[in-house]
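Notes to accompany the following structure.
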Amino acid sequence: MSKMSRLHTLISVLLTTLVLLSACREQQISDDPTLRLSFSTDTLAFDTVFSTIGSSTKRMMIYNTNKNALLIRSVSHQSPYFHINLDGENREDLLHDITLNGGDSLFLFVRVNVDPQDVNSPVLIEDPLLFTVNGHTDTVLMQAYGQNVEIIRSAKGRTEYGSHFFRNTKPYLIYDTIVIGGTTLLEAGATLYMHSGANIVCYGSFKAEGTPTDPIRIQGDRTDRLFENVPYAHASGQWGGIYLYHTADMPVPAYRFCHTEILSGTIGIYCVNETPYDRPAFSMYNSRIHNHAAYGIVLQNVNDTIANSEISNCAGYCVYLQGGEHVLIHNTIAGYFGYPYTNLNIHNTSPEDVAALFVNDMSKSTAPNSLTLLNCIVTGRRDNSFVVATPLPAAFSGDVRHNYLKADTLHQAWCSNNRYAQKEDTVFRNIYYLYQEYKYYDFHLSEHSPAIGIADTLAALLLPYDRDENPRDLPADAGCYQLIVDN
């Protein structure tokens, strides 16, 4: 054997010996009872989990920060609702005598399935996850809220009703598009969780009449989180929208929304009457339409009254009006959707360069427009967030007074006593989504808001309480929220 070959052989033997010695040192298991495991969290908390549906999977890390290996004698828990997978092993009867080398870690994954409960309110489910090492036990608490739901789902992908009544006894989980030929009623306190792509299509009257203590809520069905401090509820486009259609061959419907929140879909409410005649009445009070990937409210050929409501953060128009008599009093219409008002990509669409409030008076095929806009705030990312598109501005039927407007100054007889936005204005508490700081958009008034005290008194007396049920002291503030200063 040549000298070079002998040298290579010697190096190979030495390397093999070093690896074996290193492995032996790594596998040396300590029985020192003072050595403990460390965990990435002490509580593995899930958001609401729907019965029979199951949760997304949560992850945690198990660390051995000691020099020597530790032998995990057992990993155990009691509840049948939680299902764990430790470093690829999901048979819980095999989760024992696991060696964790010093300076090493393990992944642990947990998901939850909840059986239907006898009660309809959320039920707290807790289960300690026990790790036994060297005679002592470390605990990580697993925690979830189980919620019984009524599921609406069809193999056809479409569920049809003559009329339908959504009760408040337990929430609804709606997988499909629901088509209702007659009247739709939502009881105060009703909650509708909408799956991806699900819509509500109604050809008759629609009445969602919540109360201050029992509001109605319509939102996506993802109750978990994108990240620790980012709920899925903050992502737009999670479901379709509410579509209200009236055709000439149907009785004239009525639409009413009170204390109703419609959140994070593609379109909040799309209400269209195919004829300029026999216009339905649409009313909305003390409600909130927020965070939609297209439009907030679209109203065509209807006579509408919207009061004490927040319509905010839509990629397109927050409010689009075309044809009919439109009365808006004490509303906050704010369009701060997407970048640069958040640096977190939680939207599935980019914002359009459109006004927050747009009145389309250009079409000859729809009913004539009239607009009453009193004591409102209309603002947003766009310099001109309030637009009345009309061929003859001086002849337009409007009454626009005592509003805060981010818009070109309207030199028309039907506009008076409005406050127009300035660059230095701080209107709201927060127009940014700062997820690192757990701060979400907040369209309550800043203490320095130029909307304070500018409202018309007679109009304010029609709505003596704001959307939060706070008294509207005089001189009242514009928008749906009265400034409340803590003493």
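Of all the heavy atoms in Leu44 and Met60, the pair that sits closest is CD1-CB, 4.1 Å. The minimum heavy-atom distance linking Ser264 with Ala235 is given by the pair CB-O, 3.4 Å. When all heavy atoms of Arg279 and Asn301 are compared, the closest pair comes out as CG-O, 3.4 Å. Taking each heavy atom of Thr159 and Ser154 in turn, the nearest pair found is OG1-CB, 3.5 Å. Pairing each heavy atom of Tyr404 with each of Ala451, the nearest pair is CB-CB, 4.2 Å. Nearest heavy atoms, Asp353 versus Arg382: OD1-NE, 3.0 Å.
Ring geometry, His164 versus Phe166: the interplanar angle exceeds 60°, so the pair is classed perpendicular (tilted spans 30 to 60°). Using cut-offs of 30° and 60° on the angle between ring planes, the pair His195 and Tyr175 is tilted. Aromatic ring pairs are classed by plane angle as parallel below 30°, tilted from 30° to 60° and perpendicular above 60°; the pair Phe443 and Phe428 is perpendicular.
A distance-only check finds no donor-acceptor pair linking the side chain of Asn375 to the backbone of Ala478 [under 3.5 Å]. Without hydrogens or angle criteria, Thr183 side chain to Gly204 main chain gives no donor-acceptor distance under 3.5 Å. Judged by distance alone, the side chain of Tyr336 and the main-chain N or O of Thr379 form no donor-acceptor pair under 3.5 Å. Asn303 places no side-chain N or O within 3.5 Å of a backbone atom of Ala281 that could act as its donor or acceptor partner. In this structure, Gln482 contributes its side chain and Asp477 its backbone to a donor-acceptor pair below 3.5 Å. In this structure a side-chain-to-backbone donor-acceptor pair under 3.5 Å is present from Asp442 to His444. With hydrogens and angles disregarded, a donor-acceptor distance shorter than 3.5 Å links the side chain of Ser205 to the backbone of Ala254.
With rounding to the nearest 0.5 angstrom, the CG atom of Asn286 is 11.0 Å from the CD atom of Glu261. One finds the CD1 atom of Ile452 at 10.0 Å from the CZ atom of Arg419 (value rounded to the nearest 0.5 Å). Distance CH2/Trp239 to CD1/Ile218: 6.0 Å, rounded to 0.5 Å. Atom CG of Asp468 and atom CD1 of Ile484 lie 8.5 Å apart (nearest 0.5 Å). Atoms SG and CG, from Cys376 and Asn331 in turn, are 4.5 Å apart once rounded to the nearest 0.5 Å. Atom CZ in Phe396 sits 5.0 Å away from atom CG in Asp361 (nearest 0.5 Å).
Between Phe282 and His246, the distance separating the two ring centers is not shorter than 6.0 angstrom. Here the two rings, on Tyr255 and Phe206, have centers that are 6.0 Å apart or farther. Between Tyr285 and His259, the distance separating the two ring centers is not shorter than 6.0 angstrom.
The side-chain heavy atoms of Ile333 and Leu328, taken from C-beta on, include a pair separated by under 4.5 Å. At a threshold of 4.5 Å between non-hydrogen side-chain atoms, the residues Val400 and Phe386 count as touching. The closest side-chain heavy-atom distance from Ile125 to Gln143 is not below 4.5 Å. Inter-residue side-chain proximity for Phe39 and Leu108 is flagged as unmet; no heavy-atom pair is nearer than 4.5 Å. Side-chain contact between Ile262 and Arg288 is absent, with no heavy-atom pair separated by less than 4.5 Å. With contacts defined as side-chain heavy-atom distances shorter than 4.5 Å, the pair Gln219/Met194 does not qualify.
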Test side-chain contact (heavy atoms from CB on, under 4.5 Å) on Asn313 and Tyr341; report intermediate values, then the result.
CA-CA 10 Å; Asn313 280 24; Tyr341 298 99; over 6 Å; no
Please assess Glu437 against Tyr435 for the test side-chain hydrogen bond (donor to acceptor under 3.5 Å, both in side chains), listing each intermediate value before the final yes or no.
CA-CA 5 Å; Glu437 303 175 26; Tyr435 72 98; over 6 Å; no
Start with the C-alpha gap between Glu187 and Leu185, add the side-chain angles, then the distance that decides, and say whether side-chain contact (heavy atoms from CB on, under 4.5 Å) holds.
CA-CA 6 Å; Glu187 188 174 17; Leu185 298 175; over 6 Å; no
Stepwise side-chain contact (heavy atoms from CB on, under 4.5 Å) check, Lys439 with Tyr432
CA-CA 8 Å; Lys439 289 185 178 180; Tyr432 296 95; over 6 Å; no
Could you walk me through whether Asp456 and Arg401 pass the salt bridge (Lys or Arg N to Asp or Glu O under 4.0 Å) test, one step at a time?
CA-CA 8 Å; Asp456 175 74; Arg401 292 181 289 114; 3.8 Å; yes
Hey, mind stepping through Ser236 and Phe337 against side-chain contact (heavy atoms from CB on, under 4.5 Å) and telling me if it holds?
CA-CA 10 Å; Ser236 64; Phe337 184 96; 3.7 Å; yes
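Counted by atom type alone, Ser312 and His290 present one or more donor-acceptor pairs between their side chains at under 3.5 Å. Checking Asp127 against Ser79 by side-chain atom types alone, no donor-acceptor pair falls below 3.5 Å. A side-chain donor-acceptor contact under 3.5 Å links His326 and Asn369. For Asn113 and Arg111, the side-chain atoms include at least one donor-acceptor pair closer than 3.5 Å. Judged by distance alone, the side chains of His234 and Tyr440 never bring a donor and an acceptor atom under 3.5 Å apart. Using modelled atom types, one finds a donor on one side chain and an acceptor on the other under 3.5 Å when comparing Asn418 with Asn403. Side-chain N/O atoms of Ser365 and Ser363 include a donor and acceptor closer than 3.5 Å. A donor-acceptor contact closer than 3.5 angstrom links the side chains of Tyr481 and Arg467. Under the 3.5 Å distance criterion, with hydrogens and angles disregarded, no donor-acceptor pair is assigned to the side chains of His330 and Asn308.
At most 12 non-hydrogen atoms from other residues, nucleotides or ligands lie less than 6.0 angstrom from CG of Asp383. No more than 12 heavy atoms of other residues, nucleotides or ligands lie within 6.0 Å of CD in Glu447, so this atom counts as exposed by the packing criterion. With a 6.0 Å radius and a threshold of 12 heavy atoms from other residues, nucleotides or ligands, Tyr270 has its OH atom at or below the threshold. Within 6.0 Å of the OH atom in Tyr339, the count of heavy atoms belonging to other residues, nucleotides or ligands does not exceed 12. Other residues, nucleotides and ligands contribute only 12 or fewer heavy atoms inside 6.0 Å of the NZ atom of Lys207.
Between Arg153 and Asp176, none of the side-chain N atoms (NZ, or NE/NH1/NH2) sits under 4.0 Å from a carboxylate O, so this pair counts as no salt bridge. With respect to the salt-bridge test (charged N to carboxylate O, under 4.0 angstrom), the residues Lys423 and Asp425 do not qualify.
Residue Phe358 is tested with Val298, Val319, Val387 for a side-chain contact (heavy atoms from CB on, under 4.5 Å); the sole match is Val387.
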